[in-house]
Amino acid sequence: VGTQSMTNDADLAYFGIISIGTPPQSFKVVFDTGSSNLWVPSIYCSSPACNNHDKFNPSLSSTYRQNGASLRIQYGTGSMIGFLGYDTVTVGGFAVQNQIFGLSTSEAPFMQYMRADGILGLAYPRLSASGATPVFDNMMKQGLVSQDLFSVYLSSNSNSGSVVTFGGIDPNHYSGSITWIPLSSELYWQITVDSVTVNGQVVACNGGCQAIVDTGTSLIVGPQSSISNINQVVGAYSQNGNDMVSCNNIGQMPDVTFHIQGQEFTLPSSAYIRQSYYGCHSGFGNGGSSLWILGDVFIRQYYSIFDRGQNRVGLARAA
Amino acid sequence: CLVQVPLEKGKTAREILEEQGLWEEYRLKYPYNPMVKFDNSFA
């Protein structure tokens, strides 16, 4: 049994379609650079979460092979339990042969309310539960990609535009030059941030800090004192455990700038404030750790390239 | 050798729960720390 912590982020919005098996069975998955396993619900799962999603039926696939090993993926609030199998996984136009993946037999209640059926992890294999080879590693091994990298563009537009590009960089999705940042750890997509400033003053990460670029986290997450500082500076206040701001003040809120590899990555207030049914929320969340997570709030502003060939992350202004 | 997978920006779990009036109940019942994904000590 292998375990891996995963997301149950209530604010995740982006998912794409993949298919598994022959003939193909389609699933909506979160492309998650903060984890490494692929899993989807199976017909052997009768949890409410599974019943609310598409389920994989191995007996309907002529290319399916059982692995036999169990899989347990821990969420913050529960876990997904299942087993491993192999099948052809089609991602975009690529047919990845003999891809190992998880078939859930039980899922945490919270998953019931997520639009995505499952998760497709894009971090390093060392992170993968049960030693399961990640999808992108098989893409590289099977010679499906011309470059050992993938890139993510997240649009604020709900209708269209967001895309994951495997094997290359799409110049239509960024402007200016790409800043390449070497990884500080080849487990996650972890980089060093030099500081965080508002109006030229350091408000967080003084002297440097570590951050994970994670498409599977919606917010920018950091240490409690740093996030408190930022939220105070932008005028957020705490209400029922949420960091709220007045929706009328968004235009007056300052930019927040991340300094990375000698470059400035600036977020205007329109990027870090999100509107919900209950009002306007700060996009900066407390993680309680010294580690930072640069989630979708950051990635929407900066086209992100994940280069496995050279173990580095590329960031450029999203266009 | 270059493939693009379009992503849909759909409703979030929070939005669905808020519409159903269940968000506060779920937030308290299943408190969430995003760091738990990277550090089990937060679980």
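In this text, all values refer to a predicted model and were calculated from it rather than measured experimentally. Per chain, numbering begins at 1; letters A, B, ... match sequence-line order.
In this structure, Thr165(A) and Leu2(B) have side chains that are in contact, with non-hydrogen atoms separated by less than 4.5 Å. Taking the side chain as every heavy atom from C-beta outward, Glu8(B) and Arg115(A) approach each other to under 4.5 Å. Contact annotation: the side chain of Leu154(A) approaches that of Leu7(B) to within less than 4.5 Å [non-hydrogen atoms, C-beta and beyond]. Between Arg14(B) and His281(A) the shortest side-chain heavy-atom distance falls below 4.5 Å. The side-chain heavy atoms of Gln4(B) and Val164(A), taken from C-beta on, include no pair separated by under 4.5 Å.
Of the atoms belonging to Ile17(A), it is backbone heavy atoms, and not side-chain ones, that fall under 4.5 Å from chain B. With a 4.5 Å cut-off on non-hydrogen atoms, Phe150(A) does not touch chain B at all. Ser218(A) does not touch chain B: none of its heavy atoms, backbone or side chain, sits under 4.5 Å away.
Taking CG of Asn33(B) as the start and CG of Asp9(A) as the end, the distance is 11.0 Å to the nearest 0.5 Å. Atom CE in Met114(A) sits 15.5 Å away from atom NZ in Lys11(B) (nearest 0.5 Å). To the nearest 0.5 Å, atom NZ of residue Lys9(B) and atom OG of residue Ser162(A) are 8.0 Å apart.
Listed here is the closest heavy atom pair of Pro34(B) and Asn286(A): CD-O, 4.3 Å. Between Phe38(B) and Gly34(A), the shortest heavy-atom contact is CE2-O, 3.7 Å. Scanning all heavy atoms of the two residues, the minimum distance from Val5(B) to Gly92(A) falls at CG2-N, 3.6 Å.
Pairs engaging residues 273-289 of chain A under the salt bridge (Lys or Arg N to Asp or Glu O under 4.0 Å) rule: Asp11(A)-Arg274(A) [sequence neighbours left out].
Here Asp32(A) pairs with Lys37(B) in a salt bridge; the nearest charged N to carboxylate O distance falls below 4.0 Å.
In this structure Leu22(B) satisfies the side chain to side chain contact (heavy atoms under 4.5 Å, CB included) test together with Tyr113(A), Leu17(B), Gln20(B), Glu25(B), Tyr26(B), sequence neighbours excluded.
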